[in-house]
Amino acid sequence: MPIRHLGYVAKNLELENSGIKMQTVRRATFDLYGEDIITEKILHNLNVLYQILEWNIKNDIYAFRLGSELFPWLGNYNVKSFKRFDEIEYECSFIGEYARENNIRLSFHPGPFNVLCSPDNTVVEKTIRELEAHSEIFDLMGYEPSFNTKINIHVGGAYGDKVGALEKWVSNYYKLSESLRQRLVIENDDTTSMYSVQDLYGLHELCNNELPITFDYYHHSLHQDGISEKEALDIVTSTWPKDIVPVTHYSESRREEHLKIITDICRKNGIDIETELPEWPTLYNTYLGWEMIKENAHSDNVNGPINTYGHTIDVMLEAKAKEQALLKLREKQLILENTNN
DNA sequence: CCAGGTCAAGGGAGT
DNA sequence: ACTCCCTTGACCTGG
């Protein structure tokens, strides 16, 4: 049973197509209407979330990442001071109870703008406020602080000096509340200037071995830093407490998916890519477009296999096609449990 | 009603 | 300097 829960993130396309979707507001709207519009959106979004969880249960999906837009402009207000806080609190605890009763694992992934090591103290202060606000939502949902309800971020900046940036990160990490630190986890990056699994293991040690690492398969493939996927997974799983199942993120390359679609079409129609493709201008132009796709862009769907190397983990799929991608992957059943290699 | 323009946050990479 | 990528496309407006 190597993958315990296979989950997806942020939204459900099927429900969205039937008009059930999260809402947010622009800054100007927030400034104009303040807590009234935020309250309205929060209550709406919690209702949508309930329907997503309900859909997930029906489809045997027991892990879901909450989008931060659940509470629009989180970190810019104290929800406890809102006139209708009672209602928000009630709905939150209802959701939390519902998720716990059904054994659903929830998590957050605050945006890439949360940078604990920024040289700009205003950014650090805003980051701390926003992360604490995420943690407080889990409090409202009735969760004890735990890595079961993780709040996942990246280091966020290197400034050409990873060591210095990490030192700064650690000093700010200890400014966070105890509750937040019992939820906060750190994820590996996809570029060499940023943080590999090994870099983060160093950070884990600097944080008294209390900061778990979320392993992102695809990011690792783009920034391996000299270690194999298996070695990386061995390392990251060791950073989680024994009684908590580690979480990993899984996605694939949009560029390769694009290329595969074109080559499949060509193969089916007997078109030789090297010599004959230019005779089909539309297809050819689409083909040429693949190089424009950024290397780190995510695909719509994923093919797997996801290799757990004998570890028991939860896997969050980060695919544009969301729950549809999950259903398709599950059909393919391409999940490996290798313990050797 | 819908397509297209625009947006709120920090940082890095590619052009 | 500008655009894309990451979290996550949704909001808002003009035709």
Side-chain angles (χ1 to χ4, degrees), chain A residues 8-13 15-17 19-33 37-38 40-41 44-45 48-49 52 64-77 107-131 133-134 150-162 165 168-169 172 184-196 214 216 218-220 222-223 249-255 258 289-300 316-323 325:
Chain A
Y8 65 102
V9 307
K11 62 180 192 175
N12 180 299
L13 298 186
L15 292 176
E16 192 170 294
N17 284 336
I20 300 164
K21 61 178 198 176
M22 301 281 181
Q23 295 176 348
T24 183
V25 290
R26 297 240 178 123
R27 181 80 219 195
T29 311
F30 171 44
D31 289 343
L32 193 58
Y33 299 106
I37 190 76
I38 297 294
E40 193 181 298
K41 297 304 180 188
H44 169 86
N45 291 343
V48 170
L49 174 58
I52 291 176
F64 185 68
R65 178 193 299 167
L66 310 175
S68 295
E69 81 275 15
L70 185 67
F71 280 55
W73 297 103
L74 189 55
N76 289 266
Y77 49 81
S107 61
F108 271 121
H109 192 331
F113 317 104
N114 291 283
V115 186
L116 272 184
C117 62
S118 174
D120 181 344
N121 277 331
T122 315
V123 172
V124 174
E125 283 165 21
K126 271 171 20 185
T127 299
I128 292 175
R129 248 181 288 140
E130 187 164 332
L131 294 179
H134 278 84
K150 77 179 166 67
I151 298 172
N152 181 99
I153 60 170
H154 293 257
V155 174
Y159 317 100
D161 173 20
K162 281 189 199 176
K168 174 133 197 179
W169 200 95
N172 288 326
L184 194 68
V185 303
I186 197 85
E187 177 180 345
N188 57 310
D189 291 301
D190 59 7
T191 58
T192 52
S193 65
M194 300 296 273
Y195 301 87
S196 68
T214 301
D216 188 303
Y218 186 43
H219 292 170
H220 179 74
L222 296 173
H223 182 19
H249 296 168
Y250 187 84
S251 57
E252 292 176 7
S253 163
R254 176 165 208 80
R255 191 192 273 197
H258 180 93
W290 81 273
E291 280 184 323
M292 300 300 292
I293 300 172
K294 296 285 185 222
E295 180 59 36
N296 55 355
H298 288 174
S299 62
D300 286 339
M316 302 303 293
L317 284 190
E318 294 175 337
K320 299 287 180 200
K322 306 298 179 197
E323 88 287 353

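Naming convention: chains lettered A, B, ... in sequence-line order (proteins, then strands); numbering from 1 in each chain.
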Margin query: Below 30° counts as parallel, above 60° as perpendicular, anything between as tilted: where do the rings of A:F64 and A:Y8 land?
Written below: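 The arrangement is perpendicular - the two ring planes meet at more than 60°.
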Checklist line | Atom-pair distance (CG on A:L70; P on C:dT7), nearest Å | finding: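 The distance from CG of A:L70 to P of C:dT7 comes to 18 Å, rounded to the nearest Å.
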Check: Between A:H249 (NE2) and C:dT7 (P), how many Å, whole number?
Finding: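 Interatomic distance, NE2 of A:H249 to P of C:dT7: 9 Å.
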Integer angstrom distance from the [atom1] of [N] to that of [M]:
N      : M      : atom1 : value
B:dC7  : C:dT7  : P     : 23 Å
C:dC12 : B:dA9  : P     : 16 Å
B:dG11 : C:dA10 : C1'   : 23 Å
C:dT8  : B:dC1  : P     : 30 Å
C:dG9  : C:dC4  : P     : 15 Å

Considering every strand and a 4.0 Å limit on heavy-atom distances, what is the contact class for [X]: base, sugar-phosphate, or nothing?
X      : answer
A:E130 : nothing
A:E16  : sugar-phosphate
A:K322 : sugar-phosphate

Please state whether the phosphate of [N], meaning OP1 or OP2, lies under 4.0 angstrom from any side-chain nitrogen or oxygen of [X].
X      : N      : answer
A:T29  : C:dC12 : yes
A:K11  : C:dA10 : yes
A:K320 : C:dT7  : no

Next item on the list: Sugar-phosphate means primed atoms, P, OP1 and OP2; the rest is base. With that split, encode nucleotides 4-11 of chain B 5' to 3' as B, S or - using protein heavy atoms under 4.0 Å.
Entry: -BBSSBBS
Notebook entry, point to check: Once you round to the nearest 0.5 Å, how far does CH2 of A:W169 lie from OG1 of A:T127?
Noted result: 11.0 Å
Check: Do the side chains of A:N152 and A:H249 get nearer than 4.5 Å, heavy atoms only?
Finding: yes
Next item on the list: Give the C-alpha distance, both sets of side-chain angles, the deciding distance and a yes or no for salt bridge (charged side-chain N to carboxylate O under 4.0 Å, His left out) between A:E318 and A:R65.
Entry: CA-CA 10 Å; A:E318 294 175 337; A:R65 178 193 299 167; 2.7 Å; yes
Next item on the list: Answer yes if the side chains of A:R27 and A:N76 hold a donor-acceptor pair under 3.5 Å, and no otherwise.
Entry: yes
